[in-house]
Amino acid sequence: MSSVVVVGTQWGDEGKGRITDFLALKADVVVRYQGGNNAGHTVEVGDKRYKLHLIPSGILHPDKYSVIGNGVVIDPEALVSEIESLEQQGISVKNLLISDRAHLIMPYHKTLDEISEDEKGEDKIGTTRKGVGPAYMDKTVRVGIRVCDLLDKEIFEAKLEYNLKEKNRLLEKVYGVKGFKKQDILEPYLEYAEKLKGYVTDTSVFINEAAKQGKKLLFEGAQGTLLDIDLGTYPYVTSSHPISGGVCIGAGIGPTLIHKVVGVVKAYTTRVGKGPFPTELNDETGDFIREKGYEYGTTTGRPRRCGWLDTVIIRYAIRVSGLSTIAVTKLDTLGGLKKLKICTGYKYKDKIIKDFPASLKVLGECEPIYEEMDGWDEDISDIREYNKLPENARRYLERLSELCDIDISLISIGPKRSQGIVLNSIF
Ligand code: GDP
Ligand code: IMO
Ligand code: MG
């Protein structure tokens, strides 16, 4: 038995879906453990491109189980539409399992996400407006509605009524907008329940049983280390735990079931939404990376902010998730740049900071310390052997590995399943 966790080391969109899809070739069960349809994982198989939001990337392998764990927040409308869209593309979802303990995103969560962003004006977080934050809020204040509630009409109706009393008061009296009518939510939600009920089970039991039977488990993180509610650039974060610690809670397993944690490192840094970003490039190099790497959000289509690779961040991710190894993605995007920079530390006032700081004020005043390296011109997307990579590409990877004191197991040089170089096998 072995189990592997895939986590994003930066601000999301590192290529977790692409790496999960590759590792899933050897796994039996693929599990999402947090986040919701704020995630957008693009996976290319053959000449087809799939955009997954809630369903684990394992779904593209017909013989594997795909599990949506209890730590995920589920918008049933979005989930039903994702299932239908996959089926229309010829992908079977018969091996999908949904936790009965997962919390639901309700229509009022989406409205509250919109309003709270608009109210913040300049200080907005730049959320995906999918209702993820408000749904996790309700879970924490213990008024959330879970999948098991949705499957029991009486309980669901009672919980909906209770919530609407409070939510409508807030919407109407505080924000001055129209509240929700019970029936307008009840009817479509009961239809979603009919469509989803066949997939619902106690997924913690399923995952632990699979482990006992010696099955290989793969946990697919959404978002990234710096979007973690505790360890990220708070408050410019999401509302869940993308780091490896989130797996135990969000999948209902103990830490002793985790054997390896793979951090996905994009060969440069990107961020969607607001918040500090020390190595951001607001110049033509940033534009070059955005266009060549097609850095536009999978979920919202927003242009991603782009910048140099920051090893302060990668070392932080290694520490807080206990990474065993890393997978480097999108190395091909950097081809064509004459010079490349890697951030090795931050200069803050007259000090040098090596550990990622908590205070956004401090982070905002940090100046990245760079090492400059020569780039390469060649198109590397068809290379399949490490030694055939241009020397400067190898130097770049070796310097990353050295600065972070971690081995690289996988290098991705294109979005397709075949466009990878394996240095050490992960399963
Ligand atoms: P995720 O949210 O971490 O799964 O990442 P996204 O799917 O949001 O963003 C990564 C994007 O880069 C997707 O469009 C992938 O198809 C693409 N991608 C992944 N790995 C590579 C790579 O090595 N090279 C290139 N050119 N594209 C890649
Ligand atoms: P994947 O899984 C990148 C960002 C949003 C915003 C902040 C809070 O594709 O890597 P939220 O809607 O979660 O309340 O927004 O988090 N964000 C992501 N950024 N990739 C993601 O997911 C993200 N999910 C949320 O842009 O800054
Ligand atoms: Mg993404």
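Both ligands and their constituent atoms are indexed starting at 1 by order of listing.
Nearest to atom 5 (C) of ligand 2 by heavy atom, out of P134, G133, P242, G126, is G126.
Looking at ligand 1, you won't find any N or O of T329 less than 3.5 Å from one of its N or O atoms.
The Mg ion (ligand 3) lies closest to atom OD1 when only the N/O/S atoms of D13 are considered.
The Mg ion (ligand 3) has no N, O or S atom of K16 inside 2.8 Å of it.
At least one heavy atom of G40 sits under 4.0 Å from some atom of ligand 2. Distances shorter than 4.0 angstrom occur between a heavy atom of W11 and an atom of ligand 2. Taking 4.0 Å as the cut-off, T300 does not count as a neighbour of ligand 2 on heavy-atom distance.
Residue G273 approaches ligand 2 through these ligand atoms, each under 4.0 Å from one of its heavy atoms: 27 (O).
The pair R399-E402 meets the salt-bridge criterion, since a charged nitrogen lies less than 4.0 angstrom from a carboxylate oxygen.
Residue-level proximity to ligand 1 for D13 is carried by backbone and side chain together, each with a heavy atom below 4.0 angstrom. Counting heavy atoms under 4.0 Å from ligand 2, residue H41 touches it through the side chain alone.
Here the two rings, on Y234 and Y236, have centers that are 6.0 Å apart or farther.
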